[in-house]
Every structure is written in C-alpha cells, then in structure tokens.
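The structure appears right after this line, and notes come after that.
Per chain, numbering begins at 1; letters A, B, ... match sequence-line order.
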Protein chains: 2
Amino acid sequence: MNAPVGVSTTPEATRGEQSVTSDVTSDDTAAAETRPGRRSKAPATIYDIAKLAGVNPSTVSRALSKPGRINVKTEERIHAAAKELNYRLNPMARALPTGRTNTLGLLLADITNPMFFEVVRGAERAASRRGYTLILAESQESGEREAEAAERVSPSVDGLVLVTTRLGDEKIQEFAERKPLVVINRQVEGVHGIVPDLEPGIDEALAHLAELGHTALAFLSGPANSWMSRARWDALLAKAPGLGMTIVEIGPGVPTLDGGRDALSRVLASGVTAVLAYNDLMAIGLMRAAQEQGLVVPGRLSIIGFDDIFGSDFTSPQLSTIRTPLGDIGERAIRLTLELIDEYAEGTPARVDASPLPTELVVRGSTGPIQP
Amino acid sequence: MNAPVGVSTTPEATRGEQSVTSDVTSDDTAAAETRPGRRSKAPATIYDIAKLAGVNPSTVSRALSKPGRINVKTEERIHAAAKELNYRLNPMARALPTGRTNTLGLLLADITNPMFFEVVRGAERAASRRGYTLILAESQESGEREAEAAERVSPSVDGLVLVTTRLGDEKIQEFAERKPLVVINRQVEGVHGIVPDLEPGIDEALAHLAELGHTALAFLSGPANSWMSRARWDALLAKAPGLGMTIVEIGPGVPTLDGGRDALSRVLASGVTAVLAYNDLMAIGLMRAAQEQGLVVPGRLSIIGFDDIFGSDFTSPQLSTIRTPLGDIGERAIRLTLELIDEYAEGTPARVDASPLPTELVVRGSTGPIQP
DNA sequence: AGTGTTTTGGCAACCGGTTGACAAACCCGC
DNA sequence: GCGGGTTTGTCAACCGGTTGCCAAAACACT
C-alpha cells in the first residue's frame with residue numbers, strides 16, 4: 001500500500017560546470033599552492049582529474065584501476081593529471097559500490113600480552129603483501145567486549161581473524177556466516193582455525209623433564225573457556241602417564257603474571273617438582289613468586305612455559321618454554337582469510353594449507369635435575 | 001570545450017518494488033531465518049527498514065541518528081523494524097557524505113616495543129569513550145614505511161597520532177595540514193605534540209646516582225633522528241655537571257636489546273660507572289651483555305633505563321628506570337586529536353590541556369653504590 | 001570503397017547513507 | 001473557523017567512486 005513506486009527524478013544538476021580558464025597545459029608548478037584558509041585542501045577527485053584531462057570520470061576510474069583498458073596516450077594524460085592534483089583515491093567511495101574495503105580485522109584478547117607480537121607481525125606481513133590493511137582491535141580478555149569489537153569492526157572489513165578468542169562457539173559461527181573468518185588457537189565446528197601442532201613440543205618437554213628425573217608434574221591451566229589451555233592439558237594428560245609420570249591440573253587461572261603468582265601455594269601443596277604453565281606469562285609469574293619465597297628455580301621447582309614470548313629470556317634463570325611458531329600462524333591465518341574472501345567473491349574454492357605448524361622445546365635455565 | 005554540461009537523466013529506476021506479501025506485522029520470530037546459499041545475508045539497509053516501517057528512507061536515517069527529530073511513535077516503529085532486520089549501519093556509506101569516519105589512526109614505530117602497550121591502552125580508552133575506533137599501524141622503525149602507512153591510513157581516518165615518529169619535520173607538517181594530527185614524544189613547529197616532563201625523573205635519577213657515589217656517567221643514545229633521545233640527552237647534559245658529575249654520550253644506537261648489547265665495549269672503554277640508556281630495551285640489552293662478560297650489575301656498572309616498560313622487572317637485578325606516564329600520554333593525544341577534529345568541523349577552538357606529564361624514577365636493583 | 005571487428009570512451013545507474021528545502025498535517029489561541 | 005506557528009515526514013541532491021551497456025572511432029580485410 002505505501003510502497004514507494006516508480007518515483008521520477010528531475011534532471012541531475014550539472015556536476016562539472018565548465019571552468020573556462022585554466023588551460024590544460026597549466027603553469028605546471030604553480031598549481032599545487034594552497035592559499036590561506038584553515039586546513040584548506042579538499043582532496044582531488046576523479047572528477048577534477050577528468051576535467052583537467054578532458055575526459056569522462058569513468059575513463060579516469062578505468063585508467064586508474066584497470067590498466068590497459070584505456071588507450072595508452074589517454075592513460076598517460078590521466079596519470080599526469082592525477083599526479084598534478086596530488087590525487088588519492090577515497091577508499092570509502094570505492095568500498096561503497098564494490099563492497100570491498102581491502103581491510104582485514106585482527107581481534108586480540110590483550111595487546112599487552114607479548115604473545116601477540118609475532119602474530120601481528122606475521123599477519124601484517126601477509127596482509128600488506130596482498131595490499132590489505134590490518135585493523136587491530138583489543139577485547140581486554142572479555143568475551144563481551146570482543147563481540148562488541150567484532151560487531152563494530154565487521155562492517156568495514158573484508159574478513160576477520162580472531163586470536164585466542166573468548167567468544168562462545170555459537171557466537172563465532174554466527175560471525176563466520178556473515179564474513180570470511182578465521183580463528184587462531186581454537187577449533188570450532190564449521191569454522192576455519194589455525195592451531196599449532198602441540199605434539200612435538202610437548203613430547204620434547206616431557207622427555208626433557210623425565211630425563212631430569214621428574215616424576216610428578218602439574219599443569220597450570222589458563223582461562224576456563226580457553227580452547228588452547230584445554231588442548232595443552234589434554235595433550236599432557238595423554239602423554240605424561242606413558243612416561244611414568246603423574247600429572248595434575250591446577251587452575252583455571254588468569255593468563256597473566258598474577259595468575260601465575262596466585263597459583264604458587266597450590267603448586268607447593270601439590271608436591272610436584274615440575275610445572276608446565278599455560279603460557280609464559282603465568283610461568284614467569286609463578287617463578288617470581290617462588291623466588292620471592294626463597295625457593296630456588298630450578299633446584300626446588302622446574303618451570304616450563306608455552307609460546308616463547310618476548311621477555312621470556314629476560315628472567316633469571318631464563319625461562320624454558322615450548323615455542324609456538326606465532327609468526328607463521330599469523331601469516332597463515334591472513335592468507336587463509338584472503339583465500340576465503342576470494343572464494344566468496346569469485347567462487348574459486350579456497351585452498352587451505354594444512355602443513356603442520358610444529359612447536360618445539362626451547363631449553364633454557366628454568367628446568368634442571370630434580371633435587372636429590 | 002569538452003566540459004560535461006547539463007546532462008539530463010532518465011527517471012531513476014524504482015528502488016523498492018513493492019514486495020506484496022510480507023504483512024508488516026509479520027510472523028515476528030520467523031523473520032530472521034536465512035535459507036541456504038553460501039554466506040547469504042545481504043545486510044539490511046535503511047531502505048529495507050523504510051519499506052518495513054512504511055516510511056521514507058530519510059525518515060529512517062533521522063530516526064536512527066537524530067533522536068527527537070521524529071515523532072516518538074514513528075521512531076519506535078522504525079527501531080522495531082531495524083531490530084527485526086538486524087540492521088547495522090554501513091560506516092562507509094555514512095562516511096561518504098559526511099566525511100567523518102569516526103576512526104583515528106595510531107602509527108607506531110614498532111609493535112614489538114612494549115613501550116607502546118600503555119600508549120595504545122590509553123589511546124584506546126580515550127577513543128572508545130568518545131565512540132571512535134582506533135586503527136593501529138606499524139612502521140617498523142622506518143621513516144619510509146611510516147610515510148607510506150600514514151598515506152594509506154590517512155584517507156580513512158578523521159585524525160592521526162604519530163608515536164615517536166621517524167618522519168622528518170617537513171613531512172609531519174605536511175600531514176598535519178591535511179588532517180588533524182598529534183605527535184607523541186616529539187615537538188615540531190606548528191604541530192601539536194605530547195611529551196612527558198623529563199625533568200623530575202632525570203633530577204631524581206641524577207640525585208640517586210650522585211648519592212651512590214657515581215661521578216662519571218654515560219648516556220646511551222637512541223636513533224640519530226629520535227627527538228626524544230636528543231631531549232633526554234640535552235636534559236642530562238644540562239643537569240649532570242651541576243651535580244659535579246661528568247657525562248658522555250655513546251651512540252647513536254638502535255633502540256633495541258641489540259642496540260644496548262652493541263654499546264658494551266664503548267661503555268667499558270669510557271670508564272664510566274653508571275649508564276643511562278635511551279630506553280629500557282637498550283638498558284636491558286646492555287645489562288645482559290655485561291653479565292655475560294662476568295661483570296656484576298650494579299657492582300661494576302649501574303644501569304638506568306627510560307620508560308618502565310613491561311618486562312623491565314623481569315630481569316635480575318630488576319631494572320631501575322625513569323618511568324614515563326605512557327597511558328596518560330596516549331589518552332591525552334587522542335583527546336587532543338578529537339579537539340582538533342571538533343575545531344576543524346565546528347570552529348570551536350581546541351582547548352589544549354597543558355598540565356605536565358611528569359616522569360619519575362623507579363629505583364630497583366640495577367643501580368647501586370659505586371665499587372670501592 | 002565497403003563491410004566487419006575490435007578499441008576506446010561516454011552515459012547513467014548504483015552502492016547506502018545524510019541533509020537542506022519544503023509541503024502537509026497538526027496545534028494553538030482567538 | 002481562520003491565520004500563524006510547529007511538527008513531522010518526503011523529495012531529491014549529494015558524497016566519490018565503479019561498471020554494464022552502447023555508440024563512435026579506429027583499424028582490418030576484401
């Protein structure tokens with residue numbers, strides 16, 4: 001009844017009224033000058049270029065983004081005009097009709113966690129290689145804020161990467177069906193995920209501890225909803241008994257220095273001689289707390305972290321840790337996201353690179369022979 | 001001669017052909033369902049809402065962004081429709097006519113430097129409080145890449161913050177006249193800058209060292225084009241002699257662990273007993289190199305860093321350092337940028353908060369009495 | 001010279017919002 | 001019941017690009 005039907009428009013106003021003067025072969029240098037006003041410069045548009053080069057705006061558009069589509073001579077003229085006007089494309093104007101922003105969102109739980117350094121580096125590398133810009137957002141380890149951030153960022157990116165997300169599976173799946181999405185350090189039904197291969201690192205770590213004579217281990221687990229914490233625990237649980245070692249889980253805990261500190265009393269009470277912590281931050285926190293109590297590491301307690309973050313070799317003793325190939329993970333996540341975008345746009349099925357991303361043990365000073 | 005003049009258009013195609021069925025008071029819940037297809041959901045637009053609510057799109061626009069402009073009854077109906085369609089505004093479409101993206105760019109030299117943690121945190125806090133989203137970009141300590149990043153990010157943000165930029169003054173001024181721009185840790189003629197007040201921290205540090213008996217100091221300087229490195233050196237140079245101490249500059253060096261390491265031989269050769277490094281990373285690098293040579297810190301060499309970054313208390317001994325209020329700096333930079341944006345848009349002159357951002361000495365273990 | 005084919009460039013619609021201008025509808029007091 | 005002032009909602013232009021369609025121009029080949 002009230003649907004707007006067949007509205008007719010009056011003729012469109014003339015967009016470019018002829019600017020009589022300004023001979024095309026203008027006074028070269030003088031052109032760029034900006035007189036007084038405040039921050040004057042209204043950036044040049046393709047319409048300005050078109051006028052200057054004496055062609056249609058659509059021709060400018062093509063000359064600039066479809067090399068070869070246009071006569072070489074014209075193309076050159078247009079490029080010259082663009083340079084003269086110091087033209088730069090308006091990404092929003094381009095995004096509107098095409099729906100592509102050439103931008104990817106990377107959501108981190110906590111910028112303050114050095115774990116993300118290499119992920120970001122790797123991601124940035126892969127993205128810029130393909131001409132994409134990354135936009136980083138932080139969720140402060142809160143699922144709610146993360147959902148909000150994803151919501152906010154989502155409309156202006158072509159794809160999303162969630163790093164060690166705190167979101168629930170359903171929420172993730174929901175986002176995944178709106179946009180190409182990849183999760184890092186997590187596996188969710190129907191969603192692409194990039195996870196390291198824990199096995200080699202864990203095998204080495206367990207062998208290393210066994211060799212040092214440890215038989216009673218503890219795992220300091222991370223947040224209860226952390227997929228990766230669970231994965232690490234599951235792997236340890238599966239392997240340790242086979243080597244004749246006992247292992248207990250202590251946690252969950254917050255994945256920070258304080259989370260590690262807070263676990264000390266439970267660690268001591270458990271009577272174990274070696275601890276694997278969910279991540280390096282917790283390992284370091286635990287180590288510092290132990291040292292403050294006068295306990296010597298590794299004499300009294302051997303400690304192993306996960307990830308090999310920046311700073312894990314600042315401590316004394318330096319931290320032994322199971323290194324995760326974070327840079328590769330970030331890089332691969334972006335590459336996969338890009339594949340998904342192509343798949344969505346062009347129908348070419350994404351090839352997913354399934355080669356393993358192995359972890360490895362880095363032996364430093366925080367592990368040692370069991371006290372006689 | 002070839003200017004396009006007075007083009008007339010044919011009637012605009014009907015945007016919304018009446019979708020006969022779908023009674024407005026639709027089957028509530030059932031509506032959201034998405035059938036098969038690939039990632040189907042084409043997001044709802046204000047046109048969809050308009051159709052559903054039986055009003056004009058412009059009314060929808062106003063209902064959504066100008067509360068009060070529209071009859072309460074209609075507004076409610078529109079909000080209901082928006083909710084039902086799970087509408088979310090397309091930021092690009094909004095940005096195009098208004099020229100405002102509600103987005104700010106933050107350019108960092110190196111994400112890997114923990115110095116930026118708190119800056120980013122503070123900035124994020126201030127930005128999101130005002131409904132702005134931050135875009136982080138990294139320049140990897142290269143002026144060229146930084147210019148490129150600024151160039152790339154600039155068109156899609158309302159303002160820019162440069163943190164310890166490696167750009168030249170002219171380049172910075174150039175960007176500043178295109179967009180509201182604030183620099184952190186730098187002062188440039190005609191550009192707004194946020195810098196900490198070095199004096200208190202440096203005074204305390206010098207007094208502390210004097211008290212410990214040191215009389216021969218060195219400053220490990222950072223990159224040659226670092227304004228902040230120069231500022232720190234200048235302040236030290238101005239103060240040290242007055243306290244009866246000698247001071248030499250060793251540098252320039254790269255502002256990383258390795259930069260600090262590499263300076264060791266020159267430090268030892270200089271015969272000083274205490275060193276202030278351009279930043280904590282260099283200080284830690286130097287300390288570690290010294291310890292590897294069997295030199296005891298602080299016995300043989302006292303070391304002070306700058307900034308108090310994450311991890312500066314991981315070392316042993318823990319690093320004494322001159323703390324910079326990084327979070328406040330990030331926060332204030334964003335607030336100022338926002339003021340500049342308002343000034344530009346509404347002409348209300350920006351009020352700049354000029355209260356000092358004092359540094360302070362944090363005494364930990366890396367400084368001690370001079371060896372007898 | 002005449003016809004067929006390929007290039008080249010212009011036209012106008014479109015992406016999804018915002019906004020100035022204006023007219024219709026409503027409200028008011030007298 | 002009427003003039004004047006407000007509200008409310010519609011119209012259409014606009015932001016700055018992209019792109020399908022098409023006609024004109026250029027080129028090729030008999």
Look at A:Thr74 and C:dT8 and indicate whether a side-chain polar atom (N or O) is within less than 4.0 Å of OP1 or OP2.
no
Going by salt bridge (Lys or Arg N to Asp or Glu O under 4.0 Å), name the residues that satisfy it together with A:Arg69, two or more places apart in sequence or in a different chain.
none
When you compare the protein's N or O atoms with those of nucleotides 4-6 of chain C, which come within less than 3.5 Å of each other, and at what distance?
none

Partners passing salt bridge (Lys or Arg N to Asp or Glu O under 4.0 Å) against A:Asp353 (at least two apart in sequence or in another chain):
A:Arg332, A:Arg335
Length of the line joining A:Glu76:CD and C:dG9:P, which is rounded to integer Å
12 Å
Using the side chain to side chain contact (heavy atoms under 4.5 Å, CB included) criterion, which residues pair with B:Thr101? Sequence neighbours excluded.
A:Met92, B:Ala95, B:Thr103, B:Asp158
Whole-Å gap separating C1' (D:dG16) and CG (A:Leu85)
15 Å
Judged by nearest nucleotide, the residue sitting upstream toward the 5' end of DNA chain C, A:Asn71 or B:Arg88, is A:Asn71
Could you work out, with side chain to side chain contact (heavy atoms under 4.5 Å, CB included) as the rule, every residue matching A:Arg94, not counting sequence neighbours?
A:Ser65, A:Leu89, A:Thr98
Between C1' on D:dG16 and CG on A:Leu96, what's the gap in Å once rounded to a whole number?
9 Å
A:Met92 has an atom CE; how far is it from atom C1' of D:dC15, in whole Å?
10 Å
Report the residues that fulfil side chain to side chain contact (heavy atoms under 4.5 Å, CB included) with A:Glu144, sequence neighbours left out, ordered by chain and then residue number.
A:Ser142
B/S/- along nucleotides 18-23 of chain D (protein heavy atoms under 4.0 Å) is BBB---
Residues that B:Ile49 engages under side chain to side chain contact (heavy atoms under 4.5 Å, CB included), provided they are two or more places apart:
B:Val60, B:Leu64, B:Ile78, B:Ala81, B:Ala82, B:Leu85, B:Tyr87
Any residue meeting salt bridge (Lys or Arg N to Asp or Glu O under 4.0 Å) with A:Arg100, in chain and number order, not counting sequence neighbours:
none
Nearest 0.5 Å please: distance from the CG atom of B:Leu181 over to the CD atom of B:Gln173.
10.5 Å
Between C:dG10 (C1') and A:Ile70 (CD1): distance, integer Å
10 Å
